[in-house]
Amino acid sequence: MKFIFVTLFPEQIEAAAGHSMLKRAMDTGILQMECINPRDFSLDRHHSVDDAPFGGGVGMVLKPEPVVEAIRVAKAKAPGAPVIAMSPGGCTFKQSLAEEWAKNEMGLIFVCGHYEGFDERIYHWVDLKISIGDFVLTGGEMPALMIMDAVSRFVPGVLGKLASAEEDSFSSGLLEYPQYTRPVEFEGMEVPEVLRSGNHKLIARWRRKQALKATYLLRPDMLPEEPDKQDKKLLEEIKEEL
Ligand code: 4FN
């Protein structure tokens, strides 16, 4: 799968993608990434990519010509790939989009902003705006990298042979149950007895209950709307025990 970044700071993208699982997948060719720098398409001799906003105000705005030319080049390299602008005003990225976008065989094109943002007219060449959350950033590169990371996990072969993003411990849609490894006792704190019991049915039930409890307490918005019979029972127990 191919990820194309339209960015004024390709070094930032390349530095972040050159490690761990993503590096391995890039080396084997399962993932490919490429940066296209609007500065290379700037028309004036100073290679300027920004200018003062019409109407006045602080800061600079990205000029439309170099950005749109960079998007055109990206589209030619990945025909049919959606053009996604990283924008604080976009819909919030979530796990279900990561799974959906990984099926996009044509790849994904991310357009990353800087300064005070883009000239509004570039959105004519954009398919959708996506945000990763409500905070002020200096640029769209880190959001785009986060999305590449989340999407890549669903591309076959990126995770190890035995792991799969659809089957891993996060895919229940709940928060995670507590995990422990050796030693059995650490600084006076013990690993729960049930996890050492060897009773796999009891362990699975305990884990499900802990995941439901964490989600109920911290992120009730993430609980299933219609829990099945077992989850209903576990949730009743959790509420009783509080
Ligand atoms: N940010 C807000 C309101 C107004 C502006 C910003 C802001 C980077 C180019 C956009 C930010 C957050 C999540 C891209 C924020 C994201 C960006 C993102 C982003 C420079 C212009 C800018 C939301 C706080 C009300 C700067 C809030 N996900 N402007 O951060 O690109 O993708």
Side-chain angles (χ1 to χ4, degrees), residues 1-17 19 22 31 33-44 46-75 78 81-102 104 106-155 170 219 221-222:
M1 170 151 195
K2 190 168 199 166
F3 297 95
I4 302 187
F5 299 81
V6 171
T7 172
L8 292 168
F9 298 92
E11 312 78 25
Q12 194 183 352
I13 302 290
E14 272 143 26
H19 306 279
L22 291 193
L31 299 180
M33 58 170 259
E34 188 170 344
C35 293
I36 301 177
N37 192 339
R39 200 171 291 282
D40 295 338
F41 305 97
S42 159
L43 300 170
D44 62 316
H46 295 109
H47 300 285
S48 56
V49 288
D50 58 344
D51 203 343
F54 273 115
V58 289
M60 300 288 266
V61 173
L62 282 168
K63 292 162 66 63
E65 306 94 323
V67 174
V68 167
E69 202 47 42
I71 293 174
R72 281 208 179 94
V73 170
K75 279 165 150 317
V83 178
I84 302 160
M86 306 314 305
S87 162
C91 312
T92 310
F93 184 69
K94 54 181 184 173
Q95 187 63 4
S96 57
L97 283 179
E99 189 160 11
E100 200 179 300
W101 288 356
N104 223 307
M106 301 333 300
L108 299 172
I109 299 169
F110 299 117
V111 186
C112 309
H114 261 269
Y115 315 116
E116 301 302 311
F118 303 105
D119 182 293
E120 187 64 23
R121 292 166 290 187
I122 74 124
Y123 293 112
H124 186 74
W125 285 266
V126 165
D127 297 310
L128 71 164
K129 300 183 192 178
I130 287 286
S131 167
I132 58 158
D134 295 343
F135 25 75
V136 179
L137 295 175
T138 58
E141 281 77 9
M142 289 201 226
L145 283 163
M146 279 185 38
I147 292 176
M148 174 170 74
D149 190 284
V151 171
S152 295
R153 296 180 68 262
F154 285 101
V155 175
F170 316 120
R219 290 295 307 273
D221 57 301
M222 286 170 64

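Read the numbers this way: they start at 1 and go in the same order the structure lists the ligands and their atoms.
If you check which protein heavy atom lies closest to atom 4 (C) of ligand 1, you get P88 CG, 4.5 Å. At the top of the distance list for atom 28 (N) of ligand 1, counting protein heavy atoms only, stands I132 N, 3.0 Å. Closest protein heavy atom to atom 20 (C) of ligand 1: Y115 O, 3.5 Å. When only non-hydrogen protein atoms are considered, atom 11 (C) of ligand 1 lies nearest to F135 O, 3.4 Å.
Among the atoms of G117, none of the N or O lies under 3.5 angstrom from an N or O of ligand 1.
For the pair H124 (side chain) and E120 (backbone), a donor-acceptor distance under 3.5 Å is absent. Judged by distance alone, with hydrogens and angles left aside, the side-chain atoms of D127 form no donor-acceptor pair with the main-chain N or O of I84 at under 3.5 Å. With hydrogens and angles ignored, the 3.5 Å screen pairs a side-chain donor or acceptor of D44 with a backbone N or O of S48.
Comparing L137, D134, I84, I130 against atom 22 (C) of ligand 1, the shortest heavy-atom distance belongs to L137.
In P143, the part holding a heavy atom less than 4.0 Å from any atom of ligand 1 is the side chain. With a 4.0 Å heavy-atom cut-off, ligand 1 is reached by the backbone of S87 but not by any atom from C-beta on.
Remark: M60 CE is packed, more than 12 non-hydrogen atoms of other residues, nucleotides or ligands lying under 6.0 Å away. Atom CZ of F54 has 12 or fewer heavy atoms from other residues, nucleotides or ligands within 6.0 Å.
Within the 4.0 Å cut-off (strictly below), a protein heavy atom is located near atom 14 (C) of ligand 1. There is a protein heavy atom closer than 4.0 angstrom to atom 24 (C) of ligand 1.
The closest side-chain heavy-atom distance from L8 to Y115 is below 4.5 Å.
Taking the six-membered ring for Trp and the full ring otherwise, F93 and W101 have centroids separated by under 6.0 Å.
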### Task
Evaluate the criterion side chain to side chain contact (heavy atoms under 4.5 Å, CB included) for residue pair M86 and I147; output intermediate values, then yes/no.
CA-CA 10 Å; M86 306 314 305; I147 292 176; 3.5 Å; yes

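Taking every non-hydrogen atom of G133 and a distance limit under 4.0 Å, the qualifying atoms of ligand 1 come out as 12 (C), 13 (C). The ligand atoms of ligand 1 that sit less than 4.0 angstrom from a heavy atom of T138 are 8 (C), 20 (C).
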